[in-house]
Amino acid sequence: MDARAEIVALVHEYAERLDGGDLDGVAALFEHATWRSDSTGQALRGIDEVRRVYDRVVLYDGSPRTRHLITNLVVDLAPDGGTARGRCCFTVLQGVVPGRPIQVILAGRYVDRFERAGGRWRFADRLFVTDQVGDLSRHFR
């Protein structure tokens, strides 16, 4: 797999783990990274600090019942071949109560830096930029 494809897979892995309720796995993706939020001003580093953010996510039988849609993903590889930058849009859908419509609860952008270590790509930094907020009452405590 080429570098761009590996990085795209990593970005999607974040969404898949979160939608699957694997909050420990989400935090593990940021073991060597900084996790930042434009809306809170938080700058966190490492698994333990990042995991505490996801403690607020409400799970229903092990799932937050969300679907993170990743769009407009752009990956720019640095000439050194060991670092890259990426950006994309995200839209979070949530369907909590059967028989009720799916709702858009959040939309924004991820601005990422990646690094290659041990033959694999990993997050070095992620900035969450929140553009639009819906009803988060069933997603966060």
Side-chain angles (χ1 to χ4, degrees), residues 1-98 100-141:
M1 191 180 309
D2 73 356
R4 278 190 180 83
E6 288 179 36
I7 292 168
V8 167
L10 178 60
V11 170
H12 289 134
E13 182 178 355
Y14 166 83
E16 290 171 356
R17 286 185 183 201
L18 186 50
D19 291 336
D22 180 8
L23 306 180
D24 291 333
V26 168
L29 293 174
F30 298 96
E31 179 178 7
H32 304 284
T34 304
W35 181 105
R36 300 178 297 129
S37 168
D38 77 322
S39 62
T40 66
Q42 288 180 301
L44 308 174
R45 181 115 184 125
I47 294 173
D48 294 335
E49 288 185 14
V50 172
R51 180 60 177 91
R52 284 192 288 275
V53 171
Y54 294 94
D55 286 343
R56 296 180 45 229
V57 173
V58 177
L59 299 178
Y60 303 85
D61 297 321
S63 166
R65 296 195 182 159
T66 55
R67 180 68 57 220
H68 285 68
L69 306 176
I70 306 297
T71 58
N72 304 351
L73 179 54
V74 175
V75 175
D76 297 315
L77 296 170
D80 66 13
T83 60
R85 293 189 176 275
R87 63 190 183 279
C88 64
C89 298
F90 68 86
T91 305
V92 183
L93 306 175
Q94 187 175 40
V96 177
V97 180
R100 300 220 26 222
I102 293 172
Q103 297 179 2
V104 176
I105 61 169
L106 193 61
R109 294 167 281 136
Y110 300 136
V111 180
D112 296 318
R113 282 188 306 106
F114 306 96
E115 61 190 9
R116 190 160 176 80
R120 297 184 54 139
W121 286 95
R122 66 186 186 193
F123 286 102
D125 181 77
R126 170 163 272 186
L127 172 63
F128 289 81
V129 179
T130 303
D131 293 326
Q132 298 173 343
V133 179
D135 180 0
L136 295 174
S137 66
R138 291 183 196 94
H139 186 55
F140 291 120
R141 294 185 179 111

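We number each residue from 1, following the sequence as shown.
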Can you find a pair of side-chain heavy atoms, one from L23 and one from L59, that are under 4.5 Å apart?
-> yes

After noting the C-alpha distance and the side-chain angles of R113 and T83, does the key distance pass the side-chain contact (heavy atoms from CB on, under 4.5 Å) rule?
-> CA-CA 7 Å; R113 282 188 306 106; T83 60; over 6 Å; no

Ring geometry between Y110 and F128 (parallel below 30°, tilted from 30 to 60°, perpendicular above 60°) = perpendicular

Could you walk me through whether D76 and R87 pass the side-chain contact (heavy atoms from CB on, under 4.5 Å) test, one step at a time?
-> CA-CA 9 Å; D76 297 315; R87 63 190 183 279; 3.3 Å; yes

State whether the number of non-hydrogen atoms from other residues, nucleotides or ligands found under 6.0 Å of R85 atom CZ is greater than 12.
-> no

Exam field: side chain D19 to backbone H68, donor-acceptor pair closer than 3.5 Å = yes

Heavy-atom closest contact (R45 atom, A33 atom, distance) = NH1-C, 3.0 Å

Can you tell me how far CD of E49 sits from OG1 of T34, rounded to the nearest 0.5 angstrom?
-> 9.5 Å

For the residue pair A27 and V50, what are the closest heavy atoms and their distance?
-> CA-CG1, 4.1 Å

Search all heavy atoms of R17 against all heavy atoms of G25 and return the closest pair with its distance.
-> NH1-O, 2.6 Å

Heavy-atom neighbours of R120 CZ exceed 12 at 6.0 Å | no

Nearest 0.5 Å please: distance from the CG atom of D125 over to the CD atom of E115.
-> 10.0 Å

Say you draw a straight line from NE2 of H139 to CZ of R56; how long is it, rounded to the nearest 0.5 Å?
-> 8.5 Å

Check whether any side-chain heavy atom of L93 lies under 4.5 Å from a side-chain heavy atom of I105, and answer yes or no.
-> no

Which is it for V58 and R138 under the side-chain contact (heavy atoms from CB on, under 4.5 Å) test, yes or no, and what are the steps along the way?
-> CA-CA 7 Å; V58 177; R138 291 183 196 94; over 6 Å; no

E31 CD to D48 CG distance, which is reported to the nearest 0.5 Å | 10.0 Å

Minimum heavy-atom distance between P64 and L18, given as atom pair plus value = CG-O, 3.2 Å

Looking at side-chain heavy atoms only, is the closest gap between V11 and F114 below 4.5 Å?
-> yes

For D38 and T130, work out which heavy atoms get closest and say how close.
-> OD1-N, 3.1 Å

To the nearest 0.5 Å, how far apart are CD in Q103 and CG in L136?
-> 10.0 Å

Work out which heavy atom in Y14 is nearest to a heavy atom in L29; give both atom names and the distance.
-> CA-CD1, 3.6 Å

About how many Å separate SG of C88 and NE2 of H12, when rounded to the nearest 0.5 Å?
-> 7.5 Å

Test: R141 and D55 ion pair at under 4.0 Å = no

Is a side-chain donor or acceptor of R4 paired with a backbone partner of V75 at a separation under 3.5 angstrom?
-> yes

Report the C-alpha distance between Y54 and D24 in whole Å, list the side-chain angles of each, state the deciding distance to 0.1 Å, and finish with yes or no for side-chain contact (heavy atoms from CB on, under 4.5 Å).
-> CA-CA 9 Å; Y54 294 94; D24 291 333; over 6 Å; no

In this structure, which one of F30, F140, W35 forms a side-chain contact (heavy atoms from CB on, under 4.5 Å) with V53?
-> W35

